[in-house]
Amino acid sequence: MADETTATAATAPSAGRERERYSPQEIEPKWQARWQESGLYRTDLALSDGKPKFYNLMEFPYPSAEGLHVGHTFTFGGADTNGRFQRMRGNTVFEPMGFDAFGIHSENYALKQNINPMQLTARTTRRYRYEQLGRIGAMFDWDHTVDTSQPGYYKWTQWIFLQLFKAGLAIRKEAPVNWCPSCLTVLANEQVIDGHCERCGTAVVQRELTQWFFSITKYADRLLDNLQRLDWPDESKTRQANWIGRSEGAELVFAVAEAGDNAERGTRSAELISPEGADAGTTADANSPFRVPRSALSAIPVFTTRPDTVFGATYVVLAPEHKLVPQITTAERRAEVEAYVEGARAATEIERTDAGREKTGAFTGAYAINPATGARVPIWVADYVLVQYGTGAIMAVPGHDERDYAFARKFDLPIVEVVASEAGIAEVAYTGPGPLKNSGRFDGLSSDAAKGAITAWLAERGTGEPRVTYRLRDWLISRQRYWGPPIPIIHCPEHGSVPVPEADLPVLLPEVENFRPTGTSKSPLASVESFVKTTCPVCGGPAERETDVSDVFLDSAWYFLRYSSTEWDDRPFDQGRIRDWLPVDMYFGGKEHVIMHHLYARFITMVLHDLGHLPFEEPFKKLRLHGFVTKDGAKMSKSRGNVVNPDDYIGRVGSDAFRAYLLFMGPFDQDNDFSDKNLVGVTRFLDRVWRLAVDPAPTPGTGVEMRPLHRYVKRVTDELERYQFHTAIAALMEYSNWIGANREVFTAAQRAEAVRTLTLLLAPITPFLAEELWERQGGGYSVHQQAWPTFDPAQIAEETVTLVVQINGKMRDRIEAPAGLDEADARELAGASAKVAPLIDGKTPKKIIYVPGKLLNIVV
RNA sequence: GCGUCAGUGGCGGAAUGGCAGACGCGCAUGCCUUAGGAGCAUGUGUCGCAAGACGUAAGGGUUCGAGUCCCUUCUGGCGCACCA
């Protein structure tokens, strides 16, 4: 038996001296150095010992002004606990860490400090890596790290862009961007607070710029369908599904009425349709497969999920940006419509999309033909119709759509009831299902059945077809900024957008004097002549480089692939490594990334799979979300002044105690409010553990029933498997209390086994303390390479059980009974109970429920 | 408005449909050292002297049995913003 006799002279308490106390300030730096020097966390990526691999991933941070945040300590602590647990269970665990160093946060910090982000990032990552991340005691493999702002990394980010470009998935189109007229710069959505610039408070306006997009919408269905087979939290799957927002319906065509159709309206004349309208016979959405009848002067395709209500479509509404607006507007209406469109353009997206706002709009003077009824219906422009969604135009059915109802009421447009309901439509729109009316041959048909029937009928006549639309929009990749990977495209006057040859990658981000926004709605790179001026890879003629950089989310959409292969410069990731190590086994992520980061990583993986670069299409087998650490119920932020600095606490109580405390606060997947009030509970616990392991053993006793040990091992194991770190720690506390209570009763061997098991069970949660105690017990280096304790299932079973006796479902007595008693035994025991007997005396039980070994419920 | 997660002692929180409140904080009493914000023991949901009754945001339902499942409502966090 390994007793404290094996401890070194230095650690043995000498007579008369105070006993040695737990001092994290001494043991933590000691083991941090030892771990590094022995390469304990260097992963054998070749898997040469044949153990199963486990890729334990957590979201990498962006280096910022404040340094490491308690939130990081919390999430990395939990994720690392899982990594260490998996390692002790016999896996080769790969747990890398890196830096999401490009992007707006780092750039903003650099602007504030007035230091070029290139130098600043180098400085902050060094601090992060060596000072802060090192101290939290995670088993990061620093031999495989990434920094997304390094040319060796972003070379491959650019390579990925080129793969998408070649596959036709990177396209250029016009899109509105947020523009701050005071800062003279493009703003990200997150820099726009309530329609105003985050920095100067100026109202933000929309500007149209030609930008690069990734066609993520082409993958919408697969991104949606694959969700079913992912081991991800329902919360995140549901939110992604809602974000993708698949909706099934129909695209119906409303032809713009010919001049002749308006004969009875004296106010109209032939000039109502501008001459260029004649060759504008395309749909608003260039991607639409739908063909517009040539016979129509012009036609408006609309998307609807309610084709069954088309007989009630009494007007058509175009989004203000809809391309047909200028073409169809009549001369006498032009001024009003132009003013309305102008006003809508000036308004911010936030203002325009305030759902509670009163409806506004303008009549174009033009009319369209309802394809079902053949009736002439007026065409309006209104900003409640969004140009990006569907076809940018709707058929308005005021009887059965709330928004259309409000609009029709305000502008006095006709409302027709086409779905019968009890409530009718006198007061509000009826949006539910029901039998059709006022719908010609479809009267009486249920709205559900009518959806298909009417779409089919219109399809036969060439004015409609089934259509699926998504809420998801294409991924805007362009950023008019400095701090990101230049988009590897060259614009040639002859050959258009030409990809930079892969051999010429990376397109280096030049180190510039002025990395500030330029005020020209272009990236600062546009003013670097040596960067911009180049030659066309196709013809060799003079050409210009693309000056936008790519979105920071592209950097993080593939970093988990790169970790596996950082030793290769000539490939983004090595196929052997990919085969051995991916997909990621476990990904710990934040709720704030459920939509963007997680979706983009899935998309890029799927595309790389389709292009033959990856053998799988989903990057993360298992995902678990962690909550935020809040302070006084609010998110921590510098402006609130409620940021908790982990360094202060680590200095005071040690990394182990701080990490264990954060995990003990509450469930890992929920938000937890930080308050150091409870910290003392955890430090006391670790002190107690220390004393149990290090203090001289009391005189051995006569021995104790060791069954509880097996139950504690099982409990801790079960809780860690569920990522319930707080209840795992609670079980460890109970276990150490049990050891303490039996100190004098254990035999020497029992005591050693109990302490040894405690040390092993603590290793994933308090790695420094466990390592120190392990050494003092004479265990070999390192505790983190030991096998996880097992338990004997036979020892888990209780010999006696507490039988709960209920009368009518109410608990009346508890009786100690031998395990394995049957119903007859239980009834007999219950009948003999002084508490139960009077309650059933003389009554005949109506029903008896017996849960073996647990509970007897007598219904009288 | 839509979606989503949650609501349990003084506090953080625990509880495969089967003993509500594990574990910890705080508090109380005692012990021990008294240099301590150290340690040990016991107690601690509410009402009640007690037996007991009542208790998981509110109301209803399913069930022998509901904190847990279903419906309605309220409150809070987060996400999205008129998605046709």
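Every chain is numbered from 1 and lettered A, B, ... according to where its sequence line falls, protein lines coming before strand lines.
Nucleic acid contact class of A:N678 (heavy atoms, under 4.0 Å, all strands): base. Among the heavy atoms of the strands lying under 4.0 Å from A:V851 is at least one base atom, whether or not backbone atoms are also near. Note on A:R715: nothing from the nucleic acid sits closer than 4.0 angstrom, heavy atoms only. Within 4.0 Å (heavy atoms only), A:Y470 reaches no atom of the nucleic acid at all. Across all strands shown, A:S247 has heavy atoms under 4.0 Å from sugar-phosphate atoms exclusively, and none from any base.
B:G12 and B:C82: their C1' atoms are spaced 41 Å apart (whole Å). Here the separation of B:G43 from B:G9, taken at their C1' atoms, is 15 Å to the nearest Å. On the P atoms, B:G65 is 29 Å away from B:C5, given to the nearest whole Å. Rounded to whole Å, the separation between the P atoms of B:G37 and B:A28 comes to 14 Å.
Looking at A:E248 and A:K451, no side-chain N of the basic residue comes within less than 4.0 Å of a carboxylate O on the acidic one, giving no salt bridge. Salt-bridge formation is detected for the pair A:D718/A:K714: a Lys NZ or Arg NE/NH1/NH2 atom is positioned less than 4.0 Å from an Asp or Glu carboxylate oxygen. Between A:R246 and A:D221 there is a salt bridge, with a side-chain nitrogen of the basic residue lying less than 4.0 Å from a carboxylate oxygen of the acidic one.
Comparing B:C64, B:G26, B:A22 by their nearest atom to the side chain of A:E734 picks out B:A22. Here the side chain of A:V680 is nearest to one of B:G26, B:C64, B:G13, namely B:G26. Closest approach to the A:R684 side chain among B:A84, B:G26, B:G18 is made by B:G26 (side chain taken as heavy atoms from C-beta onward). Listed nucleotides: B:G36, B:A84, B:C64. Nearest to the side chain of A:R21: B:G36. Comparing B:G18, B:C64, B:G13 by their nearest atom to the side chain of A:L855 picks out B:G18. Comparing B:C83, B:G18, B:A53 by their closest approach to the side chain of A:R812 singles out B:A53. Among B:A22, B:A84, B:C40, the nucleotide with an atom closest to any side-chain atom of A:R691 is B:C40. Counting only heavy atoms from C-beta on, A:M733 has its side chain closest to B:C23 among B:C23, B:U4, B:G18. In the set B:C64, B:A84, B:G24, B:A84 carries the atom at the smallest distance from any side-chain atom of A:L386. Across B:A84, B:A15, B:G12, the shortest atom-to-atom separation from the side chain of A:R722 is found for B:A15.
A heavy-atom distance below 4.5 Å is found between the side chains of A:R827 and A:L856.
Contact check, A:T727 against B:A22: no side-chain N or O comes under 4.0 Å of OP1 or OP2. Close to B:A14, at under 4.0 Å from its OP1 or OP2, lies a side-chain N or O of A:H726. Phosphate proximity of B:G24 to A:N737: present, with a side-chain N or O under 4.0 Å from OP1 or OP2.
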Quiz item: Between A:D676 and A:Y649, does a side-chain hydrogen bond (donor to acceptor under 3.5 Å, both in side chains) hold up when you go through it step by step?
Solution: CA-CA 9 Å; A:D676 53 14; A:Y649 286 94; 2.7 Å; yes

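Ring centroids of A:W738 and A:F746 are separated by less than 6.0 Å, placing the two rings close together.
A cation-pi geometry, defined here as NZ or CZ lying under 6.0 Å from the six-membered ring centre and within 45° of its normal, does not hold between A:R21 and A:W690. With a 6.0 Å cutoff to the six-membered ring centre and a 45° limit on the axis angle, A:K359 counts as a cation-pi contact of A:Y384.
As a whole-Å value, the separation of A:E248 CD from B:A84 P is 12 Å. In this structure, CD1 of A:I807 is placed 16 Å from P of B:C19, rounded to the nearest angstrom. For A:I815 and B:C19, the CD1 to P distance is 16 Å, given to the nearest whole Å. The CZ atom of A:R473 sits 13 Å away from the P atom of B:A84 (whole-angstrom rounding).
For the pair A:V804 and A:I729, nearest-nucleotide mapping onto RNA chain B gives the more 5' position to A:V804. Each of A:L472 and A:Q670 was matched to the nucleotide of RNA chain B holding its nearest heavy atom; the match closer to the 5' end belongs to A:Q670.
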Quiz item: How would RNA chain B look in dot-bracket form, 5' to 3', counting Watson-Crick and G-U wobble pairs with both distances under 3.5 Å and writing | for bases paired to another strand?
Solution: (((((((..(((.....[....)))((((((.......))))))(((....)))..(((((..]....))))))))))))....

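Legend: residues meeting side chain to side chain contact (heavy atoms under 4.5 Å, CB included) with A:Q228, ordered by chain and number and at least two apart, are absent. Listed by chain and residue number, A:R722, A:Q724, A:T727, A:A728 satisfy the side chain to side chain contact (heavy atoms under 4.5 Å, CB included) test with A:E719 (two or more places apart in sequence, or in another chain). Applying the side chain to side chain contact (heavy atoms under 4.5 Å, CB included) rule to A:A408 yields the partners A:Y315, A:P398, A:L413, A:I415; only residues at least two apart in sequence or on another chain are considered. Listed by chain and number, the residues in a side chain to side chain contact (heavy atoms under 4.5 Å, CB included) with A:T717 are A:F85, A:R89, A:V713, A:E721, A:W788 (sequence neighbours excluded).
Nucleotide B:G9 is shown with a syn base, its glycosidic torsion being within 90° of 0.
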Quiz item: Going 5' to 3' along nucleotides 73-80 of chain B, which nucleotides have protein heavy atoms under 4.0 Å from the base (write B), which only from the sugar-phosphate (write S), and which from neither (write -)?
Solution: ------SS

